Structure formats: structure tokens, C-alpha cells
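Notes to accompany the following structure.
Just so you know, these numbers come straight off a predicted model, no measurement behind them.
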Amino acid sequence: MSDKIQLFATCSSGLEDVLMEELRELGYDDLTPSFRGVYIFTKKIEDIYRINYCSRIAGRVLFPLRKFKIRRTEDLYNEVLQIQWDKYFTKPNYTLAIDANVSNPLFKNSLYAAQVTKDAICDQLRQKFGFRPSVNTENPTIQLNLFIYNNQAVLSFDTSGTPLFKRGYRIETVAAPIQESLAAALLRMAKYQGTEILCDPCCGSGTFLIEALMIASKIPAGFYRTNWGFYHLPFFSSSAWAKIKVAEDSKRISLPPGHFLGIDQNKNAVRIAKTNLRAAGFLKEVEILQGNFANVELPFNPNFVITNPPHGIRLDEVDSLKPLYRALGDFFKRKMEKPGKAFIFTGSLDLSKEVGLAADKRNVIKNSNIESRFLEFTIY
């Protein structure tokens, strides 16, 4: 394709600059930040495969199919009809899902706009070919994204399919786990290079550990996934995709021992962390200890600590967690190699004050609509 194509990589609110930085490192310089994402302009259609496979921070990679103005309700239906849908729904058993985000007084809610879009697609396919695709919100063949703000509308093909944070290594999980892409974004914000001696003293299901291991060993973010939305693009090339995958996979390096440590007091969490590490192929590279991090004997002292401790919801839960946060501050001072860097991600402002150390930085990040803080400490 001679003209530049436009892609939109989505991310969580507050991570736009972090995603921009990652995309630049991947070699993309024609970028425009926007709310909850970054526009990417490129001449190579293969970049759809590469960004999906390599970005650790993006949530989805959207490929716009049509942009149009909305002046009347029926404009949406008529504009969707202008797309040749049989190029995408090449088999009668293909299923459909539409993720809609709409802010326009003509539509009472996003669900209604998604329904109008679905009706236009189904009506066209039924009239031309005698079938209409079924809706499957869990695992659709074709995932579309509809965005309407005021009178501007964009309908995009979701080239990721399953959200990119679903890496494929998480076999089991604990309550309220940190999302994989958010863990990767926080590691980037912490300037983790992959050579530090890293510890997560509240490791839960092991997400921080596995994301750090993938960064350190240069394993692509999508390495464990087996299905992609871009498989169903009309111009998908299996040979071009295979070439990109082989090139990125060949960058993998081996890891030295004694660089990764996870601790959790909960016996089941330790079991789950080991299950996920085994699925990712990293069980031998990590020491996982069960016990209270304040008392457990460490096999080596970390110089980089990052953790997402419980932060409670109710007031009584917050009060009961204050000793945990004080113990984290003490762990940083007593158990870390000096100088070192420590990071806590928490959704509780009150608990963030209990660490007993002055934070160098307090980054505010929205996490599932919770205003959370990413605290950075330098340990001398």
C-alpha cells in the first residue's frame, strides 16, 4: 500500500505517554497522542502484526474502516452499509461483536448504537448472501470498535481480537490481580532494564515477575497467544506474519540465576504463581517463597522491588492493612541492596502514607476507575 495507513493503539488513561515511548522504541515516529491511546501512521500493513505482537502496553490495535459524520440517527445505519462486509465475513459461521463508546445525544446509549451497527451488517449480508452472523461477545470471529463523539464517528476493525493484556500465560489467578499490560507499563515507568535483581514481596499470581522476565529475556508480549483478530483481515498474509514472528522470537536471550524473587504469605497464591511461571517457561529462573516477607530468609538481596499489595475497599480493611505497608517500608530499608529502587502500586491514598519513607515520585494512574498511585522510593 503506497499511502499511509492509520492505526489506533489503545491504552489505559494516564498511560498515553508511556505507550508513545514504547512505540518510538519499536521504531515508529509518526505518532499522535490522544485520549486513552496513540494514533500510528505507517506505510507497512505488516506493522499491524508487529505492534500487536510486540507492544506490552497497548490494549488493542484498531484499524479504521470508515470515518463519517452523524447528523441523524439513520446516518449510522446508512454509513455502515457502505462497507463491503463480505470481505470480512467470508464464512457463514463467523460471529460478531461490537465494542461501542458513544457520546452523542442522538443515541440513548452505546448499546443502542452497537445494535444499529449490527443490524446494518446483518441486513447487508442477508440480502446479498442469505446469511447473517451471530453475536458472540465472548469469543467473536470479527471484533469491531465503534467510537462516536459529538457528530464524528469511526468504525474500526479490532486487529487484536482478544485484548492484548491477555497474554496467554495466566492459567490461574488470585483475587484482584493486576492486569498484565498495566504491570508492564509500571515496569517501564520504573525504568526496569532487565538486569536488576528484582523482588515482589506480595507476588500474588506472579504477574509482575512474569512481565519482568519477559522484558529481561526479550520475549515478545504476544509470544504465548495463539489467536489474533488480524487473521481475518482481507489482506492478511500468513507468510508476512510468520516472518515478523520469527524475527522477534529470535531476539530472545537466556537469563542469569539469582535475579528474580517472589514472596507471598498465602499458600494458594504461591501455588498459582508457580503454575503461571511454569506455563510461561520461567519456573527455574525464579525463587518463590511462602511466608511473611518481613521474616522470611532471602536467598539474595534485591536492588529493585516492585509490588501491588492489597489496598482494601472498606475503612476497616484499610485499617487492618496499615501494618503491612509499614512492614514494606521496613523491608526496603533492611533487606534491599543499597542503593536500590522500590515501587508500590496502590489504590489507597491513606495506605500510601503508611510506608514511612518519603516517595521520590507519586504517579496517579486510573486502574478500573480507581485513582491509584505508583510510588517510587530511592533506598540508600
Side-chain angles (χ1 to χ4, degrees), residues 9-12 15 18-19 22-23 25-26 46-61 138-141 143 158-174 176-188 192 194 198 200 203-233 236 238-255 259-260 262 269-286 288 306 308:
T10 69
C11 66
S12 299
L15 295 180
V18 186
L19 178 56
E22 180 193 47
L23 290 168
E25 281 191 13
L26 288 173
E46 294 84 4
D47 286 333
I48 290 175
Y49 317 149
R50 185 164 178 263
I51 295 167
N52 269 293
Y53 196 56
C54 295
S55 177
R56 304 184 191 278
I57 298 166
R60 299 179 182 275
V61 181
E138 294 297 320
N139 187 30
T141 313
Q143 176 80 49
D158 184 342
T159 70
S160 304
T162 304
L164 295 178
F165 76 84
K166 295 186 177 181
R167 306 280 201 241
Y169 61 69
R170 186 180 273 176
I171 306 301
E172 294 187 62
T173 190
V174 296
I178 191 168
Q179 203 174 80
E180 294 92 322
S181 56
L182 177 56
L186 295 177
L187 284 161
R188 173 170 281 272
Y192 174 70
L198 182 146
D200 182 350
C203 72
S205 59
T207 306
F208 267 133
L209 291 168
I210 297 174
E211 291 297 320
L213 284 153
M214 291 176 71
I215 292 169
S217 59
K218 303 187 186 302
I219 291 178
F223 180 78
Y224 303 100
R225 290 171 56 118
T226 58
N227 194 32
W228 301 90
F230 56 69
Y231 285 168
H232 303 290
L233 285 168
F236 171 66
S238 57
S239 60
W241 159 233
K243 185 177 180 180
I244 286 171
K245 190 177 187 310
V246 168
E248 297 300 332
D249 291 351
S250 68
K251 298 175 182 178
R252 182 171 183 170
I253 61 174
S254 58
L255 298 174
H259 274 61
F260 298 91
V270 168
R271 181 191 63 78
I272 291 172
K274 288 182 176 180
T275 297
N276 293 335
L277 283 160
R278 185 180 294 107
F282 287 127
L283 190 58
K284 292 181 179 179
E285 281 82 2
V286 187
I288 298 289
I306 187 166
N308 174 37

Q) Would a distance-only check, ignoring hydrogens and angles, find a side-chain to backbone donor-acceptor pair under 3.5 Å from Ser55 to Ile51? A) no
Closest heavy-atom pair, Leu15 versus Ala185, reported as atoms and distance to 0.1 Å, is CD1-CB, 3.8 Å
Note to self: Strictly distance-based, threshold 3.5 Å: is any side-chain N or O of Asn276 a donor or acceptor partner for the main-chain N or O of Ile171?
What the structure shows: yes
Note: Cys54 and Leu26 closest approach over all heavy atoms is CB-CD2, 3.9 Å
Rounded to the nearest 0.5 angstrom, the CG-NZ distance for Leu255 and Lys218 is 10.0 Å
Open item on the list: Ring centroids only, cut at 6.0 angstrom: are Tyr53 and Trp241 within range, meaning strictly under it?
Closed with: yes
For Glu25 and Arg188 the tightest heavy-atom approach is OE1-NH2, 3.0 Å
Between the CD1 atom in Ile57 and the CD atom in Glu22, the distance rounded to the nearest 0.5 Å is 4.0 Å
Distance col, row Ile215:CD1 vs Leu198:CG, nearest 0.5 angstrom, shows 9.5 Å
*Give a yes or no on this: more than 12 heavy atoms of other residues, nucleotides or ligands lie within 6.0 Å of atom NZ of Lys166.*
no
Sub-3.5 Å donor-acceptor pair from the side chain of Arg225 to the main-chain atoms of Thr162, do we have one? yes
With no hydrogens and no angle check, is any side-chain donor or acceptor of Glu285 less than 3.5 Å from a backbone partner on Phe260?
-> no
Closest heavy-atom pair, Gly204 versus Ala273, reported as atoms and distance to 0.1 Å, is O-CB, 3.4 Å
Within the distance-only criterion (no hydrogens, no angle test), does the side chain of Ser181 pair as donor or acceptor with the backbone N or O of Ala58 below 3.5 angstrom? no
Rounded to the nearest 0.5 angstrom, the SG-CD1 distance for Cys203 and Ile306 is 13.0 Å
Rounded to the nearest 0.5 Å, the CD1 atom of Ile253 sits from the CD1 atom of Ile219 at a distance of 10.0 Å
Heavy-atom nearest pair, Ala183 first then Thr207, reads CB-CG2, 3.9 Å
Checklist line | Sidechain-backbone polar pair: Arg60 side chain, Gly161 backbone, donor-acceptor under 3.5 Å | finding: yes
Heavy-atom closest pair (Leu19 atom, Ala9 atom, distance to 0.1 Å) is CD2-O, 3.6 Å
inquiry  = For Lys243 and Glu46: C-alpha separation, side-chain torsions, deciding distance, then whether side chain to side chain contact (heavy atoms under 4.5 Å, CB included) applies.
reply    = CA-CA 10 Å; Lys243 185 177 180 180; Glu46 294 84 4; over 6 Å; no
Open item on the list: Under the criterion side chain to side chain contact (heavy atoms under 4.5 Å, CB included), I'd like the reasoning laid out for Lys245 against Tyr49: C-alpha separation, chi angles, the key distance, then a yes or no.
Closed with: CA-CA 9 Å; Lys245 190 177 187 310; Tyr49 317 149; over 6 Å; no
May I ask you to decide whether Glu248 forms a salt bridge with Arg50, counting only side-chain N to carboxylate O separations under 4.0 Å? yes
message: I want to check something: taking the side chain as every heavy atom from C-beta on, are Glu211 and Tyr169 in contact at a cut-off of under 4.5 Å?
response: yes
### Message
If you define the side chain from C-beta out and look only at heavy atoms, does anything of Phe208 sit under 4.5 Å from Leu186?
### Response
yes
Here the gap from Ile272 atom CD1 to Glu172 atom CD, rounded to the nearest 0.5 Å, amounts to 5.0 Å
